[in-house]
Q: 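My questions will all concern the structure given below.
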Amino acid sequence: MIFVVLRKEIRDLLRDKRTVLVSIIIPIILFPLIFSIMNVNVRRNEQLRDHLRIAIRGQNPSLRRFLNAQKNITVRPSDEPLADLRAGTVHAVIMIPDNSAQMLEAGKTATVTIAVDNTSQISLMAYGILKDIIESHGRTILQKRLTLRGIDRSLLKPIAIKKKTTLDEETGTGTMLLSLLLPLLLLVFSATSPLAVAADLIAGEKERSSLEPLLSTPVDRISLLIGKFLAVTAMGIIGVIAFMCGLIISFAISPDFFGADKLSFAMSPLPLGLIALLTVILTMIFGATELAISIFARSSREAQTYFLPVIIISVAAGYSSVMVDPKNFDPPYLHIPLVNISITIKELAIGIVEPASIAITLSWSLAYIVLAILLSRILFAREGVLFRM
Amino acid sequence: MVELRALSKTFNGVKAVSDLSFTVRQGEIVGLLGENGAGKTTTLRMLATMLKPTAGTATVAGHDIITAPAAVRSQIGILFGGESGLYDRLTARENITYFAQLNGMDRNTTAARVNALSVLFGMEEYIDRRVGTFSRGMRQKTALARSVVHRPAVMLFDEPTTGLDVSSSLIVQDFITRCREEKRAILFSSHKTDEIEKLCDRVIIIHQGRLLEDMSVSALLQKHGRKLGEIFLSRIGEGDA
């Protein structure tokens, strides 16, 4: 009987244009759409970064020549440079003291001020770029001073640091980003994907008066419940897959979105399979919890209101792993609901397959699913809950 | 066929149904007449095993509602008034088939039965259309077909014509009469005295969960020499006193 209920629910749900739109189509197009819009802004900022407009106040012919020679900088003549900065006509103002040339000549330090508009993203970005450029000019002056004095530059840098990473730069950055994002995304997707379906399957049936005929059939309530739970889980998993497809499409459209020219991920089939398993379990946990809420609610609208804390919890649990180093974390974390899944996904994303973590997380997760189904079962048997229209 | 024995139900200390005892025989239509909140729906829900009695019990087609609820449910067909409780995105055939399957009917028997019901209710033209596109009358016919797909011995109707227009009400009334011809036991709740007078063999008047009258319609009318509506108002007035 469970499969009779499951088959009917899936058929019914897949015929619902709103469910298909909310659970499948929107998740697929949402991220590519967001990424495309953000990408336009990122590209615009990149273009601006390559065409910085600055004004210079004060005199230092050498520095002025140096700045004029920079390909990505246009020096604009300005009578009121700070006013132009506030108006956005220039991105930064270089303020050079009038005695700077003499100071440098005398081997002293000349302080150059970079004025920026700290309410403007591009202006703040300009600060970093101009600082690097002016410091490189400073290094050239330093080199000349040292040469004049016959001093070897290596005297100023007794130790040189070289960076060596366990993975190449692209894979390392990609894997780290994935380990940060994946737990959050999977928790949020698993919580939000079954929402509409869970609300519809019991609270919606109460509203449409179709629950009473259903309860008057010889099928026992646990079979009805399990059939509906499996339908919620199945639709939830379809939703998560749709979200992930959307995300993959987004990465394909904008591979350099996260700052690296190209991202690649180091993940072998075992961790990938375990992440998929944990995602199914997450969807089952949220599906069972949301089904219990749907049983309790008088209407699908009321259920939607009760779902809000579930979404907040999923976001909080997803974020919980951001500050956790998967190679060095306190074992009690593995006993906190959802947080343990978040950390285990992070572990797996960087390729760590720790059987103990996985076993503890899976055991707790199965216990949460059983508890949520038991709660649903108790509520589904309570007359006061089912018939409190 | 249906026998209630001191059936009672209390919600949060309030007695919704109190010591209700009566019988419904095979091929008999019994009207359960009462105002809104008299305990009609609670009684039907207890007989359909959706609610558990606080005290007393009942048997439906020989099965006890407390000890054998699944067996009871396999013997009843139920129809509620107002919303028909159909699944709009399924076709009429799928709606009826779903309930046949939930009642344990096999595929071939179900297919034959659904086709027969389609002819019986004149639904051949739209049986494979989605219910969401149906008129009120088409929906009601689908709900009626669904309620009898498993050939129940007992039919429970809870204010089945509430919210229906005249033609849809007539479809329901014809169906109830047909159920009697098919020798089912029918318990029909309503607050419409004209409907009870027209359809029922016997009437049970309940007020505040208590049984006030249990008599054949003709005997009751003869005894009081008034219309059923007037008798009903007079009896519930006495009940309040």
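Throughout, protein chains are lettered first and strands after them, A, B, ... in sequence-line order, and every chain is numbered starting at 1.
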Q: Which heavy atom of A:Pro218 sits nearest a heavy atom of B:Ala70, and at what distance?
A: CB-O, 3.8 Å
Q: I'd like to know if the side chain of A:Glu212 and the backbone of B:Phe80 have a donor-acceptor N/O pair within less than 3.5 Å.
A: no
Q: Looking at every non-hydrogen atom in both residues, tell me the closest pair between B:Leu51 and A:Phe387 and how far apart they are.
A: CD2-CD1, 3.6 Å
Q: For B:Glu124, I'd like to know if atom CD has over 12 heavy atoms of other residues, nucleotides or ligands within 6.0 Å.
A: yes
Q: Is B:Ser74 in contact with chain A via its backbone, its side chain, both, or neither, using a 4.5 Å heavy-atom distance?
A: both
Q: Treating A:Arg208 as the side-chain partner and B:Gly85 as the backbone partner, does any N or O pair qualify as donor plus acceptor under 3.5 Å?
A: no
Q: If only side-chain N and O atoms count, and only distance matters, is there a donor-acceptor pair under 3.5 Å linking A:Glu205 with B:Tyr87?
A: yes
Q: Locate the shortest heavy-atom distance separating B:Arg73 from A:Ser216; write the atom from each residue and the value.
A: CB-O, 3.4 Å
Q: Could you look at B:Ile78 and say if it's the side chain, the backbone, both or neither that has a heavy atom under 4.5 Å from chain A?
A: side chain
Q: Flag the one option from A:Leu13, A:Asp16, A:Leu215 with the top tally of heavy-atom pairs under 4.5 Å to chain B.
A: A:Asp16
Q: Assess whether atom CZ of B:Arg178 is packed by more than 12 heavy atoms of other residues, nucleotides or ligands within 6.0 Å.
A: yes
Q: So for atom CZ, which belongs to B:Phe11, do other residues, nucleotides or ligands contribute more than 12 heavy atoms lying within a distance under 6.0 Å?
A: yes
Q: Given the options A:Leu211, A:Val4, A:Asp12, A:Val219, which has more heavy-atom pairs under 4.5 Å with chain B than any of the others?
A: A:Asp12
Q: Please test A:Val5 against B:Leu102 for side-chain contact (heavy atoms from CB on, under 4.5 Å), starting from the C-alpha separation and ending with a verdict.
A: CA-CA 8 Å; A:Val5 177; B:Leu102 293 176; 4.0 Å; yes
Q: For A:Glu383, is there an ion pair with B:Lys52 - N to carboxylate O distance below 4.0 angstrom?
A: no
Q: Would you say B:Arg89's side chain and A:Arg15's backbone share a donor-acceptor pair under 3.5 angstrom?
A: no
Q: So which residue, B:Thr49, B:Leu90, B:Thr97, ends up with the most heavy-atom pairs under 4.5 Å with chain A?
A: B:Leu90
Q: Take a 6.0 Å sphere around CZ of A:Arg221 and say whether it holds more than 12 heavy atoms from other residues, nucleotides or ligands.
A: yes
